[in-house]
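Read through the structure below, which is laid out as structure tokens, and then see the notes.
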Amino acid sequence: MLYEHAQVWTVLSIAVTVALNFRMCFSACARAEYKMGQDCCPKCAPGNRVYWDCTIDASTTCVPCPALTYTDEPNGLNKCFPCTVCITGEGLRVKTACTRSSDTVCEPLEGFYCTEPNKDNCRSALKHSDCHPGQYIKQAGTAFTDTVCGKCTEGSFSNGSFTTCRPHSTCETEGRVIKPGTVSSDAECGHLSPVLIVVGTITGGVVLFSAVGISFIYFKLKQQKCQHPPEGKTLCLFKK
Ligand SMILES: *[C@@H]1O[C@H](CO)[C@@H](O)[C@H](O)[C@H]1NC(C)=O
């Protein structure tokens, strides 16, 4: 019985000691003050840091944070925090530049979405996914969401960059199917363009005309009769 009482007292006294210490450590100074040895000193305003702690007859001496550093709360710090750098390699760019009293705010680069959001800020971002051939862009990516892709159903196609699946050409007006459509490509129809028709006709005409002309000359040459006298020029005459 006595032994049990002793245990209870030990536990109680430990609890009281811890609670007292807690009060001493964390509640000894007012909110706008920081602990300096046994004393409390007034904190420095955001954008500043402590240069000299307060003394019995002088208040805290504060100095502004140097470039590229900040403090965003009243503080008793000897050093300001370094400003965050938005790293391009992590898909980030500056949304709001750092000031003496606020850290840099980063946002995803164009075409990227945030994978590690933190309130208004973004810690890391990734490039929007591409949709594969056979898929369409169901929802374009935003600064906070990735691209959403949808699958094309039979009879339609998308190369991955369309926002809807397009129906295959039916080849009804253009004649026969040269290649049937897939989910990623349109059907190809046996189609003659007016330009092709014109070019084809002209080429055919030229070939035919040349053939006729060459044949005519050839026959004419075959029909001539030549004499080769020992002296003088060769004399050729067309047959009558
Ligand atoms: C898909 O087709 C469009 C035009 O129809 C083209 O501009 C684009 O580059 C193509 N995309 C891919 C991924 O092939």
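Contact between C131 and T147 at its shortest, heavy atoms only, is SG-CG2, 4.0 Å. For the pair C41 and M36, the tightest heavy-atom approach, listed with the atom from each and the gap, is SG-CB, 3.6 Å. The two residues E107 and C122 come nearest to each other via the heavy atoms CA-CB, 4.3 Å. Heavy atoms only, all atoms of each residue included: C98 and S102 are closest at SG-O, 3.3 Å. Closest approach of S184 and P133 over heavy atoms only: CB-CB, 3.6 Å. The minimum heavy-atom distance linking I137 with G160 is given by the pair CG1-O, 3.9 Å.
Within 6.0 Å of CZ on R49 lie more than 12 heavy atoms contributed by other residues, nucleotides or ligands. Counted within 6.0 Å of CD on Q139, heavy atoms from surrounding residues, nucleotides or ligands total 12 or fewer; the atom is thus considered open.
Every residue meeting the side chain to side chain contact (heavy atoms under 4.5 Å, CB included) condition with P74, not counting sequence neighbours, appears here in chain and number order: K43, P46. Residues passing the side chain to side chain contact (heavy atoms under 4.5 Å, CB included) test with T84 are D103, T104, C106, sequence neighbours excluded.
Y136 has its side chain within reach of K138: a pair of non-hydrogen atoms, C-beta onward, lies under 4.5 Å apart. Under the 4.5 Å side-chain criterion, counting only non-hydrogen atoms from C-beta, L92 is not in contact with I87. In this structure, the side chains of K95 and D120 come closer than 4.5 Å at one or more pairs of heavy atoms. S129 has its side chain out of reach of C149: every pair of non-hydrogen atoms, C-beta onward, lies at least 4.5 Å apart.
N75 contributes a side-chain N or O that, together with a main-chain N or O of E73, makes up a donor-acceptor pair within less than 3.5 Å. Between the T99 side chain and the S101 main chain, a donor and an acceptor come within less than 3.5 Å of each other. Put simply, the side chain of T71 gets close to the backbone of N48: a donor and an acceptor are under 3.5 Å apart. Put simply, the side chain of S59 never gets that close to the backbone of C54: no donor and acceptor are under 3.5 Å apart. No donor-acceptor pair under 3.5 Å is formed between the side chain of S124 and the backbone N or O of T115.
Here the straight-line distance linking atom OG of S158 with atom CG of D186 works out to 11.5 Å at 0.5 Å rounding. The CZ atom of F112 sits 14.0 Å away from atom OG1 of T142, with the distance rounded to the nearest 0.5 Å. The CD atom of E110 lies 10.0 Å from the NZ atom of K127; values are rounded to the nearest 0.5 Å. Here the SG-CG distance, from C86 to N121, works out to 7.0 Å after rounding to the nearest 0.5 Å. For the atom pair CD (E90) and CG (L126), the distance works out to 10.5 Å, reported to the nearest 0.5 Å. Interatomic distance, CG of D130 versus CD of Q135, reported as 10.5 Å (0.5 Å rounding).
Note on L109 and Y113: separate hydrophobic clusters, where clusters join Ile, Leu, Val, Met, Phe, Trp and Tyr whose side-chain heavy atoms are under 4.5 Å apart, directly or indirectly.
Contacts classified as ring-ring contact (aromatic ring centres under 6.0 Å, His included) and involving residues 31-76 (residues at least two apart or in different chains) are given here: Y70-F81.
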